[in-house]
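This report refers to the structure that appears directly beneath it.
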Amino acid sequence: MSFGIKPLGDRVVIKKMEAEEKTASGIVLPGQAKEKPQMAEVVAVGPGTEDEKMELKVKDVVIFSQYAGTEVKYEGEEYTILSQRDILAKVAK
C-alpha cells in the first residue's frame with residue numbers, strides 16, 4: 001500500500017483506533033464522554049536517524065503518549081505524526 005505522507009527521520013504516522021462506545025457494564029457513552037484513544041496503527045515510518053534506529057514498521061499496533069504529536073488531515077482521514085520516542089509500547093499480536 002502506497003501512502004502519501006512520508007515521515008522524515010525518526011517520525012511515525014499513526015491512525016488512532018476508535019474509542020469504545022460502551023462501558024464494560026454496557027452503558028453507551030456520548031461522544032464527549034469517550035476516552036481519547038491511545039492505541040493506534042502505524043501507517044508510515046521514517047528511515048530513522050544515526051542516533052535512533054527505527055524499531056517500528058507499518059501495521060504495528062502501538063500505545064502512544066496522550067498529548068504527543070501533530071494531528072493532520074489527509075484525503076479526508078485524520079492521522080497523527082509523532083516522534084518514535086513518543087511511542088510507549090508495541091502491542092503484541
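- In this structure, I63 CD1 and D86 CG are separated by 14.0 Å, a value rounded to the nearest 0.5 Å.
- Looking at heavy atoms from C-beta onward, L88 lies out of side-chain contact with F64 at the 4.5 angstrom threshold.
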Show me the side-chain donor-acceptor pairs of residues 43-59 shorter than 3.5 Å, one per line, residues at least two apart or across chains.
| unit_1 | atom_1 | unit_2 | atom_2 | d |
| --- | --- | --- | --- | --- |
| T49 | OG1 | D51 | N | 3.4 |
| T49 | OG1 | E52 | N | 2.9 |
| E52 | OE1 | R85 | NH1 | 3.0 |
| E52 | OE2 | Q84 | NE2 | 3.1 |
| K57 | NZ | D60 | OD1 | 3.3 |

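- Residues G69 and L82 come closest through the heavy atom pair CA-CB, 3.7 Å.
- With contacts defined as side-chain heavy-atom distances shorter than 4.5 Å, the pair E71/K16 qualifies.
- In terms of the salt bridge (charged side-chain N to carboxylate O under 4.0 Å, His left out) criterion, residue partners of K15 (sequence neighbours excluded) are, by chain and number, E77.
- Annotation: side chain of V13 is not in contact with side chain of V42 (no heavy-atom distance under 4.5 Å).
- Annotation: side-chain contact (heavy atoms from CB on, under 4.5 Å) contacts of V72 (sequence neighbours excluded): I5, T70, Y79, I81.
- You'll find the side chain of M39 reaches within 4.5 Å of the side chain of V61, heavy atoms only.
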Could you walk me through whether V62 and V91 pass the side-chain contact (heavy atoms from CB on, under 4.5 Å) test, one step at a time? CA-CA 6 Å; V62 297; V91 178; over 6 Å; no
